[in-house]
Amino acid sequence: MYKIAKENLTALFQKIAAEQELYLPVKNAGQVNFGVWTEDAEVDLDTLKSVKSPKDVFFPQSETLYTCIRDGKKIKVEPEALKEQNFVVFGMKACDVKGVEVLDKVFLVDPLDTFYAARRDHGTIVALACHEPEETCFCKVFGVDAADPSSADVATWIIDGMLYWKPLTEKGEALTESVKDLFEEDGSAEGTIEKEQEAIRGIVEKLPYMHLSLEGWNGDVLMEKFEDPLWEELYKPCLACGTCTFVCPTCQCYDIKDYDTGRNGVQRYRCWDSCMYSDFTMMAHGNNRKSQKERFRQRFMHKLVYYPANNEGMYSCVGCGRCVEKCPASLNIVKVIKAFQKQGGEQ
Amino acid sequence: MQRIGVFVCHCGTNIAATVDVKKVTEMALHEPGVVHAEDYQYMCSEAGQELIHKAIKEKHLTGLVVCSCSPRMHETTFRNAAEKAGLNPYMVEIANIREHCSWIHKDIEEATEKAVILMRAAIAKVNLDAPLKPGESKVTKRALVIGGGIAGIQTALDIAEAGYPVDIVEKTPSIGGRMSQLDKTFPTLDCSSCILTPKMGEVNAHPNVNIYTYSEVESVAGFVGDFTVEIRKKARSVDMDKCTGCGVCQEKCPSKKTPSEFNRGLDTRSAIYTPFAQAVPNVPVIDRDACIKFKTGKCGVCSKVCQAGAIDYDQVDEIITEKYGAIVVATGFDMIKLDKYDEYAYSQSKDVITSLELERIMNAAGPTGGHLERLSDGKAPKEMVFIQCVGSRCADERGKSYCSKVCCMYTAKHAMLIRDKYPDVNVTVFYIDVRTPGKNFDEFYRRAVEEYGVNYIKGQVGKVIPQPDGKLLVQGADLLDNKQILKEADMVVLAAAIEPNPDVRKIATMLTASIDTNNFLTEAHAKLRPVESPTAGIFLSGVCQGPKDIPETVSQAGAAAVKAIGLLAKDKLLTNPCTAHSDELMCNGCSQCANVCPYGAISYEDKEVNDHGVREVRRLAVVNDALCQGCGACTVTCPSGAMDLQGFSNRQILAEVDAICR
Amino acid sequence: MSIEKNEGFRPKIVAFCCNWCSYAGADLAGSSRMTYSADVKIIRVPCSCRVNPMFILRAFERGADGVIMCGCHPGDCHYTSGNFYARRRMTLLFSMLDYIGVENGRTRVEWVSAAEGAKFSQTMHEFVDKITSLGKNVRLEDLRCRN
Amino acid sequence: MQELINRAKELLADGTVARVLGWKAGDLPYNPEPAYFEKEEDFADFVYNGFCGANLSKYMIEASKLEGKTLVCLKPCDTYSFQELMKEHRVDRDKAYIIGVGCKGKLDIEKIKAMGIKGIQGISGAEIEDAAETLTIQTIYGEKTCAYKDAMLERCHVCKGKDHMVFDETIGESKETKDADRFEEVEKIEAMSPEEKFAFFQKELSKCIRCNACRNVCPACSCRKCVFDSNKFDSAQKANVDSFEEKMFHIIRAFHVAGRCTDCGECSRVCPQGIPLHLFNRKFIKDIDELYGEYQAGADMEPRTPLTDYRFEDAEPGIVAERG
């Protein structure tokens, strides 16, 4: 176990960034999002949640797939190069790391998404435990331990002005090796961390959403949930914006579009899509989800029913609570789960 | 994907001398959709059009780009050529590589590069062109002539003679216009009213002509073939049907202090008046601003003396609504105001007059009974000075930049008439140039100089100074002798510039006819369509289009009539298919487009739509194709982009932008 | 504002001209052989009120360095009122562009009648000079369109 | 609030209205959601407090299509939006029973959180009845307080006034909250150099994730199909690929609502990235006021808005360069 004083983190970032790209929470115009580290970036490790999840480090909001260049009657197709350089994401929370696992099950199965796979291969995740979880968090419901981001490459904790650093994988070890001379070893660190973890878990117990029950969502409930009249009520305040999907660490839908550059020809790119949008899955004949109710239902059915049905019961929600914070109409997955629960209770 | 043919015109050397037409043709083949490209000497020629025909047939073209002169010149030519070969005429776009390229650039490489870009933009546009079909609209077989001067009278008579009903709207109480104020006419010196009065009688009596005097156009709606016009018949206070025109009322009217408009304010008239003896209709009007009855409620003399009982103090303005197929503007002119020309002492001395005032003085029915005399003291003048170009050909903003065209000739006329009638009067004319282009015009002028001894001095007058003894000191320059001239005169006559009545601006706005900075109505083409306004169905007659003398006015009046007759003779008109249309699925029914439509072409209806499977009744904008003129104001107001303009669609203009910025 | 510093820079300029006045004014400039820079490319629109702010932004997106719109003089619109609407729209759009930090010389509106060939040519001269002095438009360009 | 509930129940019971559009308490102290109430028992969850910032007027577009009248609770500023929507025929006045509800300024949870207050369990002082000056916030990390004023939405500091523009009846008192100049921020930007302006907006707009929350919440953006969702202009959507696109989107969006935007401030309230979007709209409002005369969208039913109107003597576009 290693540790480094918080005030020396800049040196650590410098050292990492000297070798590879470093993404971490950066405050820009008042908001914290993951961004590339630069000397003048305002790193913010105190804000619990970045506005957007860090999923775009692996699955960018938009990326070019290939470019078609026209020359007279000939058309040349130039595929976009895959990510070849290593990079580090620092400061991901346990829920966000779990979010990447959710994405993996979509993009790393056959057919393999080569763009995503290349980024995953080259990225090292350094996760940071949540010092002060908040009322919008419900990660525990989905089996995430805010105190122990154990599925990252490196797990870290900030305790009393010290960052504790624990490599967990080969990638993590390699990264540690390259910056080791900035660290001090701490034999008693395990104890310190355990105490911190206990404190975090204590807070988690007190949070209002952490005891949300998922009962009734597992098993063969597809048709029952799909046809439930409750959706008719739930969707009504929904404005059909894409905020929930765009801040979500697990939403993985994308659209593929063409951009006519006028000179080069056409760039084909993909960008995040949102099931809340009226033209989501729009086809030539029209749309099979005609109303906002159907689109709204799609999002939650996907997260709580379809995805788990295809992935050994793993939900496509990690309880980060971003949708809870950001929905303009104060709708969110918690309200949906609770509404069904309440209804179940009454029946 | 279209199959586009590109044709590059050399226009002799007009284009080919600065644009490498071969290169442009070759570059065309690199563009998407282009399957054929060729260049030719004169695309607009019979042979050029034959090339288009052949290519359309052989290459099965679906669109054409002609790189040539301005579309304002030959777009119609090429559209017609395309149509003859079976292609929709709206699948043709013009790249203007002459006016916008070869004529303004000197460097061949630069001009060629630009021509290629302009061609690309046109190709991009054709790629998104859709075949358009003009709609049809009806023609109301009735014409309106605005203005009852000689231009309006002639136009009305010609249209009426062709068998179509015509209405004349005249602002003043009588038709006749400026010509009725003239004494003699050049170059024949026949009496103006002798030739005008019969015309006035003729038009008044014509069964197809209906005259609204003392009336103004209130509003104009509609479009070519189907105008709806509101005419305000101002309250005349005299019943037109009852009045016998005996004139007793005018004699007895106690209010006689109003300056006479007809005599240019040189004398006065009564409150109830006909402007002049030969007025048509010979029915007086009561000038309510001058009438004692209207001002104080007491009087009523005219009513008492009228045997016919025609006086009606309670008459009110009447609005008549009438439909017309064609409108002819014949609003004429007036002299400019001379308040900015203090140096000529016009406002200081009664003996400095304008030429139109001189016309009235020379006229037997004028304020002096036709005697040439000084208005200040009634003495006969011995020395007369005429100053030309007062406010015409003027470099500063006090006057007009243009030549008023009639002044040189009428001054020669005045000089000649004076010398003829009063041989003891010396006449001096200060001029910049003497302009006499016209049949027998120069001969006329030379007679003034050679036979009548009129003293012409090339030079301008700097100042006219009234002297204590009542004479006028004229300071001028003789440019030929290069000397200053000081001349004492008894009368000075100013050839003031003529200008369209400023009110014509209001009429032009109602008609949506364009107007230039001098308030002359713009013709559709300066050379080829001089009597038509760019606004369809509006024709121009007389000085409202530009300065003219009487024969020119009459011939233009006839030409305008012929154009109007040509329109009225049609049973149906094809409407411009480049109109706005609204995409039902995107329309919000918010009414913003209707707010900006100048033609009231947009209305709303509740309609059931099927929006990708969602069926609902929605409030939707509907464009009336016959009313829409295709300006596009609605398209930009529409936030959703539901409203688009055919022939100039959003995507087409964007494609042009893209092609240019490529 | 020296023009020398941008020597060799050839700006891309899009001119939207109304069919009735300015396009005809440009034709007159042409038939009167009044030269102006070949950097100006004209797009014909039926009326200045047809010009959507999106067109102007699109031109900048595609790398135009200046956009000028010409229409009939106020009061002379072929369609009576089109240029009045255009005037308000463009005033607000230009003000917004200025507000977000786009140099305000990059956009211009000029009223040019069919009779003002000389004014058209003069206006284009001035505008090209202005844009040349401002140099390349980098603030509104979509980088994907660059190469 | 009780008066409001009682009246709503009454109108529902006597059949005047078929449903009530108001706010339902959330599961956190600060997240009430817009909701319909159709039955007496639904009102257990009805709430109207300082966190009911959402402008319900836009929901009336859909509600106008429903059978019967909808009772809608509108704050003073919301009524401007409603009237503007009426003007544009997007809502049906006859389908609405408007209760103008009082307003003492609405709260912005983001502002409270920005003070470092987290783990919120309860908030007192936000109820509409007590005119509390201070909010008391219970958190798992202890009790915190903050001034009500400091937690207010930006828009409430520049409030247009507490008069309802359109209503059937009003319930509840209001309290004046205006304590700042509406155009102060705009003026500050106007005074910047072009470089500073560009940097400012570049920084703010670079956060935009094109979630369309600003657009979809906006009562003026009521298009059935947004131009950015259609292929009419080939305008890309869904994601900002290049920094140009976010500028294009926000400029055009502001332009489309210019002269129609009532400055309700919903765009800034809902932006997940805290972009001060009202600065775009307010710039247009300021320009319109200065150039074409003071104008408040939604204050009347005059069909012509500043951009669908003109005067002969309007300023020329060159004025932008002249005033520097």
Side-chain angles (χ1 to χ4, degrees), chain A residues 28-31 33 46 48 51-52 56 60-64 132-137 203 206-209 233 236-247 254-255 257-260 267 269-274 276-279 292 322 324-332 334-335 338, chain D residues 21 23-24 26-36 51 54 56 58-59 62 109-110 113-114 116 118-121 139-141 200 203-207 209-218 224-226 229-230 234 236-242 266 269-276:
Chain A
N28 179 32
Q31 303 292 323
N33 285 285
D46 299 327
L48 183 71
V51 178
K52 270 195 298 181
D56 56 357
Q61 182 156 14
S62 63
E63 64 183 320
T64 303
E132 287 186 328
E134 295 173 9
E135 75 278 11
T136 51
C137 299
I203 296 165
K206 282 195 267 179
L207 294 172
Y209 286 168
E233 295 308 310
K236 281 213 171 114
C238 176
L239 295 167
C241 74
T243 308
C244 52
T245 51
F246 285 4
V247 298
Y254 60 81
D255 195 359
K257 299 178 81 73
D258 287 345
Y259 182 81
D260 181 353
Q267 280 182 15
Y269 67 101
R270 71 167 165 192
C271 61
W272 294 354
D273 201 352
S274 171
M276 295 291 152
Y277 290 165
S278 58
D279 63 349
Q292 195 56 30
R322 286 187 176 88
V324 178
E325 291 185 5
K326 296 298 179 186
C327 175
S330 299
L331 299 179
N332 54 61
V334 177
K335 282 187 177 173
K338 281 186 172 178
Chain D
L21 177 55
W23 296 268
K24 187 167 99 181
D27 45 9
L28 293 171
Y30 53 77
N31 69 349
E33 67 185 80
Y36 288 101
F51 288 103
L56 300 182
K58 194 177 186 183
Y59 288 101
E62 285 305 311
I109 187 62
E110 297 288 337
K113 288 187 175 174
K118 45 188 168 183
I120 298 169
Q121 290 171 311
T139 80
I140 47 173
Y141 306 109
F200 173 81
K203 192 166 181 178
E204 287 293 346
L205 291 181
S206 66
K207 296 183 295 182
I209 54 173
R210 274 297 282 283
C211 63
N212 292 319
C214 51
R215 179 189 81 185
N216 290 17
V217 81
C218 174
R224 291 198 170 94
K225 186 105 181 142
C226 176
D229 283 354
S230 78
D234 303 329
Q237 53 123 7
K238 288 185 181 170
N240 295 315
V241 177
D242 186 274
E266 285 286 87
R269 179 180 72 87
V270 302
C271 178
Q273 292 278 25
I275 303 170

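Labels below follow one simple rule: chain letters A, B, ... track the order of the sequence lines, proteins then strands, and each chain is numbered from 1.
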Interchain contact, [X] with chain D, by part (heavy-atom threshold 4.5 Å):
{"X": "P60(A)", "result": "neither"}
{"X": "T243(A)", "result": "both"}
{"X": "E233(A)", "result": "neither"}
{"X": "N332(A)", "result": "side chain"}

Among [options], single out the residue with the greatest number of heavy-atom pairs under 4.5 Å to chain A.
{"options": "Y36(D), F200(D), W23(D)", "answer": "Y36(D)"}
{"options": "A114(D), P276(D), P34(D)", "answer": "P34(D)"}
{"options": "Q121(D), K58(D), E110(D), K225(D)", "answer": "E110(D)"}
{"options": "A54(D), C214(D), A213(D)", "answer": "A213(D)"}

[options]: which one forms the most heavy-atom pairs within less than 4.5 Å of chain D?
{"options": "V51(A), D56(A), D46(A), D258(A)", "value": "V51(A)"}
{"options": "C327(A), P208(A), P237(A)", "value": "P237(A)"}
{"options": "T136(A), N33(A), L239(A)", "value": "L239(A)"}

If you define the side chain from C-beta out and look only at heavy atoms, does anything of [X] sit under 4.5 Å from [Y]?
{"X": "K236(A)", "Y": "E33(D)", "answer": "no"}
{"X": "Y277(A)", "Y": "N212(D)", "answer": "yes"}
{"X": "I209(D)", "Y": "V247(A)", "answer": "yes"}
{"X": "K52(A)", "Y": "K207(D)", "answer": "no"}

Heavy-atom proximity to chain A below 4.5 Å, by part of F51(D) =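 For F51(D), no heavy atom lies under 4.5 Å from chain A.
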To the nearest 0.5 Å, what is the distance between CG on D279(A) and CG on D229(D)?
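The CG atom of D229(D) is 5.5 Å from CG of D279(A), to the nearest 0.5 Å.
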Test side chain to side chain donor-acceptor pair (under 3.5 Å) applied to D27(D) - qualifying residues, sequence neighbours left out |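 Y209(A), K338(A), N31(D).
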Is it true that K113(D) and E134(A) have a side-chain N and a carboxylate O under 4.0 angstrom from each other?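 Result for this pair is no, no salt bridge flagged.
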- Query: Any side-chain donor paired with an acceptor under 3.5 Å for S206(D) and N28(A)?
  - Reply: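 There is such a pair between these side chains.
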Minimal non-hydrogen separation, [X] against [Y], with atom names:
{"X": "Y59(D)", "Y": "A329(A)", "result": "OH-CB, 3.9 Å"}
{"X": "G274(D)", "Y": "Q31(A)", "result": "CA-NE2, 3.7 Å"}
{"X": "G119(D)", "Y": "E135(A)", "result": "N-OE1, 2.9 Å"}
{"X": "F246(A)", "Y": "R210(D)", "result": "CE2-O, 3.3 Å"}

| message | List the residues meeting salt bridge (charged side-chain N to carboxylate O under 4.0 Å, His left out) with E132(A), not counting sequence neighbours, and say none if there are none. | response |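 Salt bridge (charged side-chain N to carboxylate O under 4.0 Å, His left out) list for E132(A), sorted by chain: K118(D).
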